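Bear in mind the structure is a predicted one, so any value in this text is a computation, not a measurement. Numbers restart at 1 for each chain; the letters A, B, ... are given by sequence-line order, proteins then strands.
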Amino acid sequence: MSGNVALSLFGHFAGLSLLMIGGGVVLIPEIHRLLVAELHLLSDASFTGAVAIAQAAPGPNVLFIAVLGYRAAGVWGALATMLGAMLPAATLVFLGTRWLRVKQHLPAVRAFKLGMAPLVIAMMCATGWTLTMQTPGSRHVLVTLAAAGLVWKTRLHLLWLIGAGAALGALGWI
Amino acid sequence: MSEPVERPRPRSITELFVTFTVLALQGFGGVMAIVQRVLCEQKQWLTREEFLDTLAVAQALPGPNVCNISMMIGDRFFGTRGALAALSGMLLLPAMVVLSLASLESEFAALPEVQGALRGVAAVTAGMVVGTGVRLASALRGSLVGTSASALLGGTLFVALAWLRLPMGYCLLAVGSVAWAYARHCLRRVARVERERATNQRQSEDGRDGCGPEAGSASAVYEACLGRDASAAKAGSSR
């Protein structure tokens, strides 16, 4: 049973892997749809909590995918989601960067980079928006906006922001 | 372009693996800033320019940026085995740490304080993603695609994803094809203008070495494109 779940998770995440342009966070809306709405493996709160842990913990943010897999189907789930998400993309990057190094002056290659830039930014904003709006209430939106403003305008270490958010939440303000 | 000066490089695959493990473990809430500091300033394996170039490609291809960067750097020094060592350094130990934290958390999850703290961290996390996006947006100002076209393309994708909640694959394919075609159009336009300018210049400077100005202006266009990528990369790596 759990082997089947892991296998199906591997398939789903392998399908999403090549869409992970701009970092793992751009997949959050899609993974949320998959794990919460479609497969019913995780609750909304569990999903958001898993993303928060992975973001707060040391290491690349993409490890949120391992945490989601772990919560959905244990250690095998973590392996399945992580390998699924990484294998196709990493293979493409490995072969692609070797090819791009040779072809970096081609107009098609430069147009790809140029055209992707605004879309990567749009995906990041959509990610943050979706994460905030799926939580009921309104005070956390203020915290989100404040954090966005501070990241945008200052070079404050992100640990301070995360610590402040955790403290506000633990005190019951959010 | 390469200087005769010998630059430091990783001595072994083990050093590559250890370096990426150590830097990944320092990255709370994201590793990009630390990758840049360690590789360019501490280890000096890459110049700042090389790092920015790497980041531009890493961002354009699928996969987490920092993982792509680690693979590209590993590949550059030790080929396939280097790429594997750098990537597993970035992921292996941090994954174990994160999963231990996650399993700990499920035992304490019932406490209202813990739930509140996680809600707080989640709110901040969402804001950090948005803030980074907005911060990067300033780098689009110098783009050959132009501010209004960038805003239109990005705005369309945002509305489709965040408000209409359409699946990302289709949205990205649709808006991405338009963006790619438009960027190609912009590149062609700039190249044409530069060619005309070079021709005029050559005609006016008749008698001098003809290929000088042409080569110079072609590289100026290329620099303009690179400059945009570089400033976007700088904004991305500065956190």
Open item on the list: Among A:A122, A:G149, A:A167, which residue has the highest count of heavy-atom pairs closer than 4.5 Å to chain B?
Closed with: A:A122
Task: Which portion of A:P107 sits near chain B, non-hydrogen atoms under 4.5 angstrom - done: both
TODO: Considering only heavy atoms and a distance below 4.5 Å, find which of B:A151, B:A95, B:C171, B:A160 pairs most often with chain A.
DONE: B:A95
Task: A:L9 versus A:A80, closest heavy-atom pair with distance - done: CB-CB, 4.4 Å
TODO: Go through the atoms of A:L119 and report whether side chain, backbone, both or neither lie under 4.5 Å from a heavy atom of chain B.
DONE: both
Open item on the list: At a 4.5 Å cut-off on heavy atoms, which part of A:L27 comes close to chain B: side chain, backbone, both, or neither?
Closed with: both
Task: Interface moiety of A:A108 toward chain B, non-hydrogen atoms closer than 4.5 Å - done: both
Open item on the list: Between A:R98 and chain B, with a heavy-atom cut-off of 4.5 Å, which part of the residue counts as in contact: side chain, backbone, both or neither?
Closed with: side chain
- [ ] Say whether, by atom type as modelled, one donor and one acceptor occur between the side chain of A:T144 and the main chain of B:A123 under 3.5 angstrom.
- [x] yes
Task: Beyond-backbone contact of B:V175 with B:V178, side-chain heavy atoms, under 4.5 angstrom - done: no
Task: A:T97 side-chain N/O to B:M72 backbone N/O, donor-acceptor pair under 3.5 Å - done: no
Open item on the list: Run the side-chain contact (heavy atoms from CB on, under 4.5 Å) test on A:M86 and B:L91 for me, step by step, so that the C-alpha distance in whole Å, both residues' side-chain angles and the decisive distance to 0.1 Å come before the verdict.
Closed with: CA-CA 10 Å; A:M86 289 302 293; B:L91 290 175; 3.9 Å; yes
Task: A:L161 vs A:L150, side-chain contact (heavy atoms from CB on, under 4.5 Å): CA-CA, chis, key distance, verdict - done: CA-CA 8 Å; A:L161 294 179; A:L150 285 169; 3.4 Å; yes
Open item on the list: Looking at chain A, which one of B:G74, B:G116, B:P94, B:A117 has the largest number of heavy-atom pairs inside 4.5 Å, strictly under?
Closed with: B:A117
Task: Winner by heavy-atom pair count (cut-off under 4.5 Å) against chain B, out of A:L145, A:V67, A:L168 - done: A:V67
- [ ] Tell me, for A:A78 versus chain B, whether the close heavy atoms (under 4.5 Å) come from the side chain, the backbone, both or neither.
- [x] side chain
TODO: Go through B:L99, B:L173, B:L153 and name the one with the most non-hydrogen pairs under 4.5 angstrom from chain A.
DONE: B:L99
- [ ] Count the heavy-atom pairs under 4.5 Å between each of B:E113, B:R184, B:R119 and chain A, then report the option with the highest count.
- [x] B:R184
Open item on the list: Donor-acceptor check, side chain of A:S17 to backbone of A:F13, threshold 3.5 angstrom: yes or no?
Closed with: no
TODO: Can you see which heavy atom on B:V130 is nearest to which on A:C125, and at what distance?
DONE: CG2-O, 4.0 Å
TODO: Indicate the atoms forming the closest heavy-atom contact of A:P88 with A:G84, along with that distance.
DONE: CD-O, 3.1 Å
Task: Contact leader toward chain B among A:P29, A:A85, A:A89, A:G172, where contacts are heavy-atom pairs under 4.5 Å - done: A:A89
TODO: Name the option with the most non-hydrogen atom pairs under 4.5 Å to chain A; the candidates are B:D75, B:N68, B:T156.
DONE: B:D75
Open item on the list: Between A:H12 (side chain only) and A:L34 (backbone N and O only), is there a donor and an acceptor less than 3.5 Å apart?
Closed with: no
- [ ] Identify the two heavy atoms, one from A:V93 and one from B:P62, that lie closest to each other, and give their separation to 0.1 Å.
- [x] CG2-O, 3.1 Å
Open item on the list: Report, in residue-number order, which members of residues 76-85 of chain B are under 4.5 Å from chain A by heavy-atom distance.
Closed with: B:G79, B:T80, B:A83
Open item on the list: Need one label for A:L100: side chain, backbone, both or neither, based on atoms under 4.5 Å from any heavy atom in chain B.
Closed with: side chain
Task: Contacts of B:Y182 that satisfy ring-ring contact (aromatic ring centres under 6.0 Å, His included) - sequence neighbours left out - done: B:H185
Task: When A:A90, A:A50, A:G15, A:A146 are compared by non-hydrogen pairs under 4.5 Å with chain B, the top option - done: A:A90
Open item on the list: Are more than 12 heavy atoms, taken from residues, nucleotides or ligands other than A:W173, located less than 6.0 Å from that residue's CH2 atom?
Closed with: yes
Task: Among the listed options B:A181, B:A149, B:C186, B:G154, the residue most often paired with chain A at heavy-atom distances under 4.5 Å - done: B:G154
TODO: Please report the closest heavy-atom contact between A:P60 and B:M90, naming both atoms and the distance.
DONE: CD-O, 3.4 Å
Open item on the list: Report which part of A:S46 has an atom under 4.5 Å of a heavy atom belonging to chain B: side chain, backbone, both, or neither.
Closed with: neither
Task: For the student: nearest non-hydrogen atoms of B:A86 and B:S70, plus distance - done: CB-O, 3.2 Å
Open item on the list: Can you tell me which of A:G163, A:P118, A:G115 forms the most heavy-atom pairs within a distance under 4.5 Å of chain B?
Closed with: A:P118
Open item on the list: What part of B:V97 gets within 4.5 angstrom of chain A, counting heavy atoms only: side chain, backbone, both, or neither?
Closed with: side chain
- [ ] Side-chain contact test, heavy atoms from C-beta onward, threshold under 4.5 Å: evaluate it for B:T21 versus B:V18 and give yes or no.
- [x] no
